Amino acid sequence: MFYEKTACRIHAGVRAIGRISAFIFDMDGVLTDTVELHYRSFKRLAMEEKVPFNREINERLRGLSREDSLAVLFNKRVLSRAELQRLMERKNEYFLELAAAMNSGDLLPGVKELLDLIKERGFKLGLASSSKNAKYIIEKLAIESYFDSISDGNDVKQAKPAPDLFLHAAARLKVEPSACVVVEDAAAGIKAAREAGMTVIGIGPEERVGAADFRFDSIADIDLERVLREIENRKGN
Ligand code: G6P
Ligand code: MG
């Protein structure tokens with residue numbers, strides 16, 4: 001089930017290596033450190049609204065949609081749909097103020113090299129981010145030309161940990177889920193990718209990304225050849 005031998009035949013048109021034909025990246029915390037900008041904008045809103053917020057709570061928000069994050073933040077308060085909407089808009093205003101200064105220098109170390117290698121090797125490349133600002137941030141980072149497709153929080157009803165975003169990305173790329181490798185930093189994202197039937201590389205500590213198939217401390221540490229070799233070796237197991 002996990003290693004489908006048919007994947008290469010289905011996608012005979014793609015110059016894939018073994019059974020893998022695409023990589024799908026999460027954005028926040030993987031390509032760039034927007035986690036810090038989200039933290040600062042949630043913190044500003046939380047202080048104004050007098051609700052508790054700290055880095056430990058912020059960690060719990062990693063990978064969740066804006067709406068799901070505010071549900072965690074304001075869990076003790078009963079909010080009308082209109083109030084929730086206004087809070088989401090304010091949080092986003094604060095985030096966009098901070099994100100305005102972003103540029104290609106905000107790519108995390110090793111990202112450019114990894115994207116180059118993936119493209120050089122002929123894999124398709126997709127983005128699957130819960131963020132509704134994904135296209136804007138990718139343009140700021142000046143890496144839009146790398147991606148064959150971008151799926152974001154505007155494309156699906158159910159954000160991560162539901163598998164929808166990753167399935168949306170695979171469909172756009174015209175590849176089977178089993179032929180995709182996901183790169184993720186959040187527990188919610190890893191759950192989503194696994195549920196989509198994809199192989200997952202987790203970026204971060206064991207406590208956070210331990211459910212991934214492979215784990216590296218940072219993007220710069222990813223050994224792509226080793227990952228591909230191991231996936232091939234496991235084939236048919
Ligand atoms: C990603 C990030 C979250 C962020 C969410 C929503 O999943 O990991 O930290 O809150 O997207 O982003 P948005 O830009 O739509 O507020
Ligand atoms: Mg992330």
Side-chain angles (χ1 to χ4, degrees), residues 23-46 53-75 84-100 102 106-108 110-111 114 126-141 143 150-166 168-169 181-194 196 198 200-205 207-209 211-212 215-219 222:
F23 280 76
I24 301 176
F25 279 73
D26 171 50
M27 182 182 74
D28 297 298
V30 168
L31 301 176
T32 184
D33 188 17
T34 33
V35 178
E36 183 61 23
L37 306 189
H38 282 295
Y39 166 75
R40 283 160 58 190
S41 33
F42 278 127
K43 177 85 185 159
R44 181 170 166 192
L45 186 69
F53 190 65
N54 54 34
R55 287 192 185 270
E56 192 264 316
I57 300 172
N58 191 54
E59 265 307 305
R60 282 191 255 147
L61 308 183
R62 204 180 265 261
L64 301 186
S65 69
R66 197 182 313 162
E67 184 170 347
D68 291 344
S69 301
L70 287 182
V72 173
L73 219 68
F74 291 90
N75 69 338
L84 180 66
Q85 195 59 39
R86 278 197 295 274
L87 288 168
M88 287 199 291
E89 279 162 20
R90 250 166 76 205
K91 189 274 167 179
N92 202 43
E93 260 172 48
Y94 301 161
F95 174 75
L96 290 177
E97 270 177 34
L98 298 171
M102 285 179 75
D106 291 300
L107 281 172
L108 282 167
V111 167
L114 182 62
L127 188 94
S129 167
S130 298
S131 171
K132 294 190 169 174
N133 296 302
K135 289 193 179 80
Y136 172 69
I137 301 293
I138 291 295
E139 275 169 30
K140 283 262 172 205
L141 295 169
I143 51 171
I150 291 184
S151 304
D152 66 20
N154 301 296
D155 290 314
V156 293
K157 279 208 184 79
Q158 292 208 78
K160 301 169 190 177
D164 305 33
L165 259 169
F166 290 114
H168 185 274
V181 175
V182 166
V183 186
E184 253 293 349
D185 70 312
I190 289 164
K191 186 164 188 279
R194 291 201 59 117
M198 301 178 179
V200 194
I201 299 176
I203 303 297
E207 313 85 80
R208 194 173 79 213
V209 304
R215 189 197 73 78
F216 296 95
D217 289 330
S218 72
I219 283 274
I222 294 181

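The model shown is predicted, which means the values in this text are computed figures rather than measured ones. Positions are given from 1 along the sequence. Indexing begins at 1, ligand by ligand and atom by atom, following the structure's order.
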Using a 4.0 Å cut-off to any heavy atom of [X], which atoms of ligand 1 qualify?
| X | value |
| --- | --- |
| Asn133 | 13 (P), 14 (O) |
| Lys132 | 13 (P), 14 (O), 15 (O) |
| Leu64 | 3 (C), 4 (C), 5 (C), 6 (C), 7 (O), 10 (O), 11 (O) |
| Gly63 | 7 (O), 8 (O) |

- [ ] Apply side chain to side chain contact (heavy atoms under 4.5 Å, CB included) to Ala187 and list each qualifying residue two or more places apart in sequence or on a separate chain.
- [x] none
Open item on the list: Salt bridge or not between Asp152 and Lys132? Use side-chain N to carboxylate O under 4.0 Å.
Closed with: no
TODO: Report yes or no: does Ser129 contribute a side-chain atom to a donor-acceptor pair with the main-chain N or O of Asp26 at less than 3.5 Å?
DONE: no
TODO: Tell me which one of Ser65, Ala99, Ser131 gets a heavy atom nearest to atom 14 (O) of ligand 1.
DONE: Ser131
Open item on the list: Using a cut-off of 2.8 Å, how many protein N, O or S atoms sit around the Mg ion (ligand 2)?
Closed with: 3
Task: Intermediate values then yes/no, side-chain contact (heavy atoms from CB on, under 4.5 Å), Asp28 and Asp185 - done: CA-CA 8 Å; Asp28 297 298; Asp185 70 312; 5.8 Å; no
Open item on the list: Could you check, using the six-membered ring where one of them is a Trp, whether Tyr39 and Phe53 have ring centers closer than 6.0 angstrom?
Closed with: yes
- [ ] Look only at interatomic distance and state if Arg66 has a nitrogen or oxygen under 3.5 Å from any nitrogen or oxygen of ligand 1.
- [x] yes
TODO: Mark yes or no: Lys91 above the aromatic ring of Phe95, with NZ or CZ under 6.0 Å from the six-membered ring centre and no more than 45 degrees from the axis.
DONE: yes
